[in-house]
Each structure stands twice: as structure tokens, then as C-alpha cells.
2 protein chains.
Amino acid sequence: MYYLGMARTPTTADVFNAVGDAHRRAILETIGGRELGVGELVDALALPQPQVSKHLRVLRDVGLVHCDRVGRRRVYRVHGEALRPIHEWVARFEQLWNDRYDQLDDLLVEMQKGKG
Amino acid sequence: MYYLGMARTPTTADVFNAVGDAHRRAILETIGGRELGVGELVDALALPQPQVSKHLRVLRDVGLVHCDRVGRRRVYRVHGEALRPIHEWVARFEQLWNDRYDQLDDLLVEMQKGKG
DNA sequence: GCTTGACATGCCGATATCGGTATGTATTAT
DNA sequence: ATAATACATACCGATATCGGCATGTCAAGC
């Protein structure tokens with residue numbers, strides 16, 4: 001009989017996966033709050049240019065970076081909001097090791113009440 | 001000439017990678033704050049038992065779950081603190097889309113001062 | 001126009017990864 | 001001791017993934 005199913009879950013190129021790679025994380029860290037061209041990333045990370053470009057492509061596809069064309073350069077910046085799913089997912093487990101944020105949430109609620 | 005280097009970065013089985021897989025996340029979500037045996041996970045997730053066991057192995061290796069032997073069962077529980085690296089990494093970018101937590105951090109510092 | 005610069009993309013090889021099936025192992029029950 | 005339960009592990013096939021190299025593309029300068 002022939003093989004029909006998928007061999008592995010199609011890595012729905014999602015944010016969790018994109019951040020799973022150390023080089024991709026390094027790229028995001030290097031860009032930080034700045035706007036960097038590919039060449040600057042290549043210099044900073046000491047990686048071959050095609051590799052950086054391909055990682056940037058992945059990050060772009062999941063919305064983690066945005067890109068502007070400036071002359072013949074491509075200027076990349078981090079779109080931090082794309083990390084929100086990760087933040088919220090991790091937050092679901094946070095209380096299992098740290099209740100500080102729950103305290104803070106309560107506090108915030110109180111503050112809002114006081115202000116209103 | 002012969003090929004010498006590594007073909008890819010050795011997926012240093014780290015927490016980021018472990019959480020990159022959707023099935024693994026589902027396992028963590030299903031366990032949640034409870035203690036579950038493998039069979040219960042198999043039933044809940046409708047996955048083959050070996051697959052669940054192997055994912056649990058990965059989660060164990062990175063410290064995301066702990067395991068106790070209870071009779072002939074293995075009872076798994078989430079060790080949420082292992083998610084801290086992810087939390088902290090994401091937090092570094094949080095200010096790029098949400099400054100609420102910075103406010104809260106400032107507030108916490110003030111509270112501690114008041115208490116001390 | 002042609003060249004250069006800055007980057008994206010295509011192709012390839014090696015391997016890590018995931019799912020499936022079969023089998024091993026340890027513990028309880030009889 | 002034997003059998004059954006609950007799970008881990010081994011092995012395999014298919015493919016996704018990453019790194020390296022070569023080439024394509026597109027804007028700017030001459």
C-alpha cells in the first residue's frame with residue numbers, strides 16, 4: 001500500500017517555531033529597538049548574508065519583523081506585538097512558579113478603581 | 001574535498017525548541033496544574049501512546065515536566081519555572097508593544113521600598 | 001548603457017525531526 | 001511463575017530544516 005499521511009506536523013510556520021531557532025533570536029536581539037539593514041546584521045552576527053536573509057524571511061512571514069526599502073537597502077525593525085501569543089501562552093503557566101504577576105494584576109485593578 | 005562542518009545548528013534541545021512544537025504545547029496545557037499519567041494524556045489528546053511518551057521525554061529533558069513513579073504509572077506534572085527563560089526573553093521585547101509591565105515593575109519597586 | 005552595491009532566492013547536501021509500528025521493561029495481579 | 005497493565009524505547013520512512021554556495025534582482029552611480 002502507498003503512504004498517504006503527512007510524515008510530520010506541517011510546521012505551521014508560527015511564532016513559536018520562528019523563535020525556536022537561536023540564530024533567529026539573535027537577529028531579533030541585535031535589531032532590538034533599532035532599525036538595521038541586512039549588512040549590519042551580517043557584520044554584527046558574523047553570519048553569511050544568505051543565511052541572515054533567509055532567517056529574516058522566516059521572521060517576516062510570522063510578522064516578527066517589518067521591512068522598509070530605503071534606497072537599495074532593506075531596513076528591518078522588530079514588530080514586538082507578534083510576540084504576544086508567546087507571552088500570553090507562557091503567562092498561563094506563570095502562576096506555577098511565580099505569583100508576583102498575579103499580585104501585580106490585583107494591584108493594577110485597585111489602581112484603576114482608585115483612578116476612576 | 002570532504003564535507004566537514006555541521007549541516008545545521010545542533011538543536012540544543014532547549015526550552016524554546018521544546019515549546020516550538022504544537023503537540024508538546026498541547027501536552028503542557030492538558031497537564032496544566034494537575035498530575036496526569038500517560039494514558040490520560042493519550043485519551044485527552046487522541047494521540048498514539050508512543051508519540052506522547054516521546055514528547056514527554058523531550059519535555060523532561062528540558063525540565064518542563066517532572067515525573068513520579070506511582071505503582072506502574074508515571075505521573076507527570078508541569079515544572080513551570082522552566083518557562084522562565086522564555087518569559088524573560090519575551091519580556092525584553094515587551095516594551096515594544098506594551099508598557100504596562102514596565103509601569104508595574106516600577107510600582108513593585110516602590111512597594112518593596114515602602115515595606116522595607 | 002554598464003557596473004557596483006545590497007540584498008533575495010534557488011539549489012544542494014547533511015541531518016534533525018516527527019509520526020507510525022513493533023518491541024522492550026517494570027510493576028501489579030492472579 | 002505467568003499474565004496483564006502502563007509505559008518507554010528502537011527502528012523506520014518521509015520530510016522539514018539549516019547551512020553553504022551560486023545566482024538572480026533591483027536601485028544607485030558612473
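To find a chain, count down the sequence lines: A is the first, B the second, and so on, and within it residues start at 1. From a predicted model like this one, the values you see are computed outputs, not experimental measurements.
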J.: Quick check for you: among D/dG19, C/dT9, D/dC7, whose closest atom lies nearest to any side-chain atom of A/His55?
T.: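 Within the option list, the nearest is D/dG19.
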J.: Would you call A/Arg73 and A/Asp68 a salt bridge, taking side-chain N to carboxylate O under 4.0 Å as the test?
T.: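 The answer is no: the pair does not qualify as a salt bridge.
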J.: Are A/Leu28 and A/Val75 in one and the same hydrophobic cluster, where Ile, Leu, Val, Met, Phe, Trp and Tyr link if side-chain heavy atoms are under 4.5 Å apart?
T.: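 No, no single cluster joins them.
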J.: Of all the nucleotides listed (D/dT9, C/dA6, C/dT27), which has the minimum atom distance to the side chain of B/Arg72?
T.: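 So the side chain of B/Arg72 is nearest to C/dT27.
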J.: Mind calculating the distance between CD (A/Gln49) and C1' (C/dA6) to the nearest angstrom?
T.: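 It is 8 Å, rounded to the nearest whole Å.
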J.: Need to verify one output field. Residue with the more 5' nearest nucleotide on DNA chain D, B/Val75 or A/Val70?
T.: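 The residue whose closest nucleotide sits nearer the 5' end is B/Val75.
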J.: What is the distance from CZ of A/Arg57 to C1' of C/dG10, rounded to the nearest Å?
T.: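 After rounding, the reported distance stands at 13 Å.
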J.: Nearest whole angstrom, please: distance from the C1' of C/dA8 to the CG of A/Leu59.
T.: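 From A/Leu59 CG to C/dA8 C1': 15 Å.
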J.: Would you kindly give the CG-to-P distance between B/Asp21 and D/dA16, to the nearest whole Å?
T.: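 My rounded result for the distance is 14 Å.
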J.: Quick one: are B/Leu64 and B/Leu83 in side-chain contact, heavy atoms under 4.5 Å?
T.: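 They are in contact (side-chain heavy atoms under 4.5 Å apart), so the answer is yes.
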J.: Does a side-chain N or O from B/Tyr76 land closer than 4.0 Å to OP1 or OP2 of D/dA8, or not?
T.: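 For B/Tyr76, the contact criterion (side-chain N or O under 4.0 Å from OP1 or OP2 of D/dA8) is met.
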J.: Enumerate, in order of first residue number, the stems that involve DNA chain C, defined as 3 or more consecutive Watson-Crick or G-U wobble pairs with both distances under 3.5 Å.
T.: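 Detected stem regions: C:1-30 with D:1-30.
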J.: Can you work out whether B/Pro50 or A/Val58 has the more 5'-proximal nearest nucleotide on DNA chain D?
T.: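 On the 5' side of the pair lies B/Pro50.
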J.: Could you state the interatomic distance from CZ (A/Arg24) to NZ (A/Lys54), rounded to the nearest 0.5 Å?
T.: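 A/Arg24 CZ to A/Lys54 NZ: 11.5 Å, rounded to 0.5 Å.
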J.: Between B/Arg73 (CZ) and C/dT28 (P), how many Å, whole number?
T.: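 Whole-Å distance recorded here is 12 Å.
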J.: How many angstroms lie between atom CD of A/Glu29 and atom CG of A/Leu45, to the nearest 0.5 angstrom?
T.: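 Going from CD on A/Glu29 over to CG on A/Leu45, the span is 9.0 Å.
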J.: Do B/Val58 and B/Phe16 share a hydrophobic cluster (ILVMFWY, side-chain heavy atoms under 4.5 Å, transitive)?
T.: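 No, separate clusters.
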J.: Nearest-Å distance, CD (A/Gln51) to P (D/dC21)?
T.: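 That distance rounds to 11 Å.
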J.: Rounded to whole Å, how long is the line connecting atom CD1 of B/Ile27 with atom C1' of D/dC7?
T.: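 After rounding, the reported distance stands at 14 Å.
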J.: Does a sphere of radius 6.0 Å around CZ in B/Arg60 hold more than 12 heavy atoms from other residues, nucleotides or ligands, not counting ones at 6.0 Å or beyond?
T.: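 Atom CZ in B/Arg60 is not packed in, count stays at 12 or less.
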J.: Between atom CD1 of A/Ile31 and atom NE2 of A/His66, what is the distance when rounded to the nearest 0.5 Å?
T.: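 Rounded to the nearest 0.5 Å, the CD1-NE2 separation comes to 11.5 Å.
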J.: I need the residues from residues 37-45 of chain B with at least one non-hydrogen atom less than 4.0 Å from DNA chain D; give them sorted by number, or say none.
T.: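 When residues 37-45 of chain B is checked for heavy atoms under 4.0 Å from DNA chain D, the hits, listed by number, are B/Gly37, B/Val38, B/Gly39.
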J.: Figure out the CG/P separation between A/Asn17 and D/dA16, and round it to whole Å.
T.: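 In whole Å, D/dA16 P and A/Asn17 CG are 12 Å from each other.
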J.: Distance from B/His23 atom NE2 to B/Leu47 atom CG, nearest 0.5 Å?
T.: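 Nearest 0.5 Å value for the NE2-CG distance: 4.5 Å.
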J.: Under 4.0 Å between any heavy atoms, over every strand shown, what does A/Arg60 touch: base, sugar-phosphate, or nothing? Just pick one.
T.: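 If one applies the 4.0 Å heavy-atom cut-off, A/Arg60 turns out to touch nothing in the nucleic acid.
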